[in-house]
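Remarks on the structure that follows.
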Amino acid sequence: MICQECKDRPATLHFTKIVNGEKTEVHLCEHCAQGKGDTFFINGGSGFSIHDLLAGILNVEPAFHKKSSTLPSNNEVTCEGCHMSFAQFTKVGRFGCSECYKSFKRQLDPILKRLHGGNVVHAGKIPKRTGDDITLRKKLESWKKHLKELIQQEEFEKAAELRDEIRALERDIQRTLEGGGLQ
């Protein structure tokens, strides 16, 4: 497919807009897309930047309303790996390295809670046919970890009770295994 703008180079970016059931497609080459910036064409020409969208999700002001400063302020959190500030992340829309997730955890938790209905930990989806088995195994793993903590804290009575519960859970898992539930 050829770029709709220059009609010369192959189109590598494809934008699709659907408004009231009406579909509009724009196909641009990388050069023409850079010339247009990161603007999506909404309402026939007034632009809406992906940065504005991200700023809305992150609950911060859009990038064009902020002071133009490339250096982070003294109290602003920066990543130790790539030295990106959180403000830079909100403008760019992506992290600079894997360390950013750890560096910005405090700022990301409220955002993730809002986006994921109160959850900040991704548990994933578990198929119904194996869900019970996986749930039991996770519970067993958690209880064993808690048992070690109780032993280290010298809370032997609670540890003995938990040990008995672990044994009962292991028997349940074994029964499930014999019934063909676990694999």
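No hydrogens, no waters, no symmetry mates; every other heavy atom, side chains included, goes into these values. Numbers here simply count residues along the sequence, with the first being 1.
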> Do the side chains of Met84 and Thr78 get nearer than 4.5 Å, heavy atoms only?
Replying inline: no
> So Phe104 and Cys79, side-chain contact (heavy atoms from CB on, under 4.5 Å) or not? Walk me through it.
Replying inline: CA-CA 7 Å; Phe104 302 132; Cys79 174; 4.3 Å; yes
>> Can you confirm whether Cys32 sits close enough to Arg9 that some side-chain heavy atom of one is under 4.5 Å from a side-chain heavy atom of the other?
In response: yes
> So does Lys144 pair up with Glu170, basic N to acidic O under 4.0 Å?
Replying inline: yes
> CD/Glu161 to CD/Glu157 distance, rounded to the nearest 0.5 angstrom?
Replying inline: 7.5 Å
> Is there a side-chain contact between Cys82 and Cys100, using heavy atoms and a 4.5 Å cut-off?
Replying inline: yes
> Got Asp8 and Ile2 here, is their nearest side-chain heavy-atom distance under 4.5 Å?
Replying inline: no
>> Using every non-hydrogen atom in the two residues, find where Leu162 and His146 come nearest and quote the distance to one decimal.
In response: CD2-CD2, 3.4 Å
>> For Gln153, I'd like to know if atom CD has over 12 heavy atoms of other residues, nucleotides or ligands within 6.0 Å.
In response: yes
> What are the two closest heavy atoms between Pro110 and Arg106, and how far apart are they?
Replying inline: CD-O, 3.2 Å
> Rounded to the nearest 0.5 Å, what separation is found between the CG atom of Leu147 and the CD1 atom of Ile166?
Replying inline: 4.5 Å
>> Strictly below 4.0 Å, N to O, side chains only: are Lys138 and Glu141 in salt-bridge contact?
In response: no
> Got Asp172 and Arg175 here, is their nearest side-chain heavy-atom distance under 4.5 Å?
Replying inline: yes
> Do the side chain of Gln4 and the main chain of Leu28 share a donor and acceptor less than 3.5 angstrom apart?
Replying inline: no
>> For Glu80, is the CD atom crowded, meaning more than 12 foreign heavy atoms sit under 6.0 Å from it?
In response: no
> Which heavy atom of Gln107 sits nearest a heavy atom of Val77, and at what distance?
Replying inline: NE2-CG2, 3.2 Å
> What class does the angle between the rings of Tyr101 and Phe95 fall in, given that below 30° is parallel, 30 to 60° is tilted and above 60° is perpendicular?
Replying inline: perpendicular
>> What I'd like to find out is whether the side chain of Phe89 reaches to under 4.5 Å of the side chain of Leu108, using heavy atoms alone.
In response: yes
> Does the side chain of Leu136 reach to within under 4.5 Å of the side chain of Leu169, using non-hydrogen atoms?
Replying inline: yes
> Could you go step by step and tell me if Lys7 and Glu5 meet the salt bridge (charged side-chain N to carboxylate O under 4.0 Å, His left out) rule?
Replying inline: CA-CA 6 Å; Lys7 298 185 184 350; Glu5 190 74 20; over 6 Å; no
>> To the nearest 0.5 Å, what is the distance between CZ on Arg167 and CD on Gln174?
In response: 15.0 Å
> Going by an N to O cut-off under 4.0 Å, is there a salt bridge joining Glu99 and Lys102?
Replying inline: yes
> About how many Å separate OG1 of Thr16 and NE2 of His14, when rounded to the nearest 0.5 Å?
Replying inline: 9.0 Å
>> Show the nearest heavy-atom pair for residues Thr12 and Glu30, with the distance to one decimal.
In response: OG1-N, 3.4 Å
